[in-house]
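These notes concern the structure reproduced below.
Just so you know, residue 1 is the first one in the sequence shown, and it goes up from there. In listed order, ligands and their atoms are each counted from 1.
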Amino acid sequence: LGERDSFVGRKVLITAGPTQEPIDPVRYVGNRSSGRMGYAIAQAAWRRGAEVSLVSGPSALAAPWGVEFVPVATALEMRDAVASRLGDADVSVYAAAVADFRPVEPKDRKVKRTESGPELSVELEANPDIALETRRQRRAGSIAVGFALETDDLLENAKLKLEGKGFQLLVANDATEEGAGFGVSTNRVTILGADGSVDVLPLLSKDEVAEEILDRVEALLDASVKDETPGG
Ligand code: CTP
């Protein structure tokens, strides 16, 4: 049913959506990620013939057709789901907006207004950096794609994330720009390559951005196959 078969036989692992870190059974620390960008990549990779696993934080979107859908809530659950699948993946895409901090001691009962008084402090601790922590588990020759959402110094910060987290491609977007970032169906991105390339793309739908990303992943996969070919 796919439009092309360039990813047949390839396994693609994608993280998407926000994570929700419980404060108590009904409240959480989270962010406004909708999951759209990661879901668009999952569907587009499936259309190209890939075997896709989508590890998703809570999202209102329907699971994409044909993919292994792995719903998670917290960053720790997302980390475990990624760690157990990454060794098989030819491509890993880190599109999730992982909450950087979680409450140290989530309460097992709802915090009552009368108990907390006029102020409530919630102590937070850092969550693991999933892309960084699982980096060594990536398959040799696999392609890792990260995202960077920035409000200032877009390119400098994006370059640091590309190198620091060992991505082959980094999709950077400016959260302050209209039509880009969280909660909208469009995105204006700049795609950086580990080879130093910088592609500034126009305002596109997230589905179109997904195709742009996969075109570049496809080229890198073809190049890494050639590298492995004796004499190639
Ligand atoms: N990422 C991750 N685990 C985290 C935080 C981020 O896997 N705990 C991944 C994201 O999915 C993305 C990339 O790392 O591909 C960069 O995420 P971003 O939120 O832009 O950056 P942070 O590393 O969290 O840095 P900061 O929030 O300080 O900009």
Side-chain angles (χ1 to χ4, degrees), residues 12-22 28-42 45 52-59 70-87 89 91-104 124-138 142-177 180-183 187-194 206 209-210 212-214 216-217 220:
V12 178
L13 174 64
I14 300 166
T15 71
T19 65
Q20 293 181 352
E21 312 297 329
Y28 60 83
V29 175
N31 59 65
R32 293 188 294 152
S33 164
S34 66
R36 271 193 206 128
M37 194 62 249
Y39 280 51
I41 297 168
V52 180
S53 296
L54 176 63
V55 177
S56 174
S59 165
V70 187
V72 297
T74 66
L76 293 177
E77 289 168 11
M78 185 174 277
R79 190 261 321 266
D80 293 346
V82 168
S84 66
R85 290 169 176 80
L86 190 56
V91 179
S92 53
V93 179
Y94 304 87
V98 182
D100 287 317
F101 296 91
R102 63 174 181 271
V104 174
L124 303 175
E125 66 184 322
N127 265 327
D129 184 325
I130 297 171
L132 184 64
E133 201 181 270
T134 59
R135 183 178 170 181
R136 305 270 162 243
Q137 288 160 256
R138 287 180 210 154
S142 68
I143 307 300
V145 183
F147 280 75
L149 185 64
E150 306 292 346
T151 54
D152 16 43
D153 302 328
L154 180 73
L155 285 183
E156 295 87 293
N157 283 321
K159 198 156 175 284
L160 287 175
K161 284 177 190 167
L162 173 85
E163 288 163 1
K165 304 195 192 203
F167 296 132
Q168 278 66 46
L169 292 171
L170 193 284
V171 184
N173 54 57
D174 185 338
T176 61
E177 229 180 82
F182 284 178
N187 215 349
R188 190 193 297 275
V189 301
T190 299
I191 304 182
L192 285 76
K206 286 185 174 169
V209 172
E212 291 283 344
I213 294 167
L214 291 181
R216 287 165 178 76
V217 170
L220 290 171

Original post:
Who pairs with E163 by salt bridge (Lys or Arg N to Asp or Glu O under 4.0 Å), at least two apart in sequence or on another chain?
Top reply: K159

Subject >> Distance-only side-chain donor-acceptor flag, S56 / Y39, under 3.5 Å >> reply: yes

**OP:** Using salt bridge (Lys or Arg N to Asp or Glu O under 4.0 Å) as the criterion, list what pairs up with D100, not counting sequence neighbours.
**Re:** none

Subject >> Note: E212-K206 ion pair, threshold 4.0 Å (strictly below) >> reply: no

Original post:
Listing by chain and number, which residues have a heavy atom under 4.0 Å from ligand 1?
Top reply: Y94, A96, V98, D100, P128, D129, I130, A131, G146, F147, A148, L149, K161, K165

Original post:
Which pair of non-hydrogen atoms, one from A89 and one from S142, has the smallest distance, and what is that distance?
Top reply: O-CB, 3.6 Å

**OP:** Report the residues that fulfil side-chain hydrogen bond (donor to acceptor under 3.5 Å, both in side chains) with E77, sequence neighbours left out, ordered by chain and then residue number.
**Re:** none

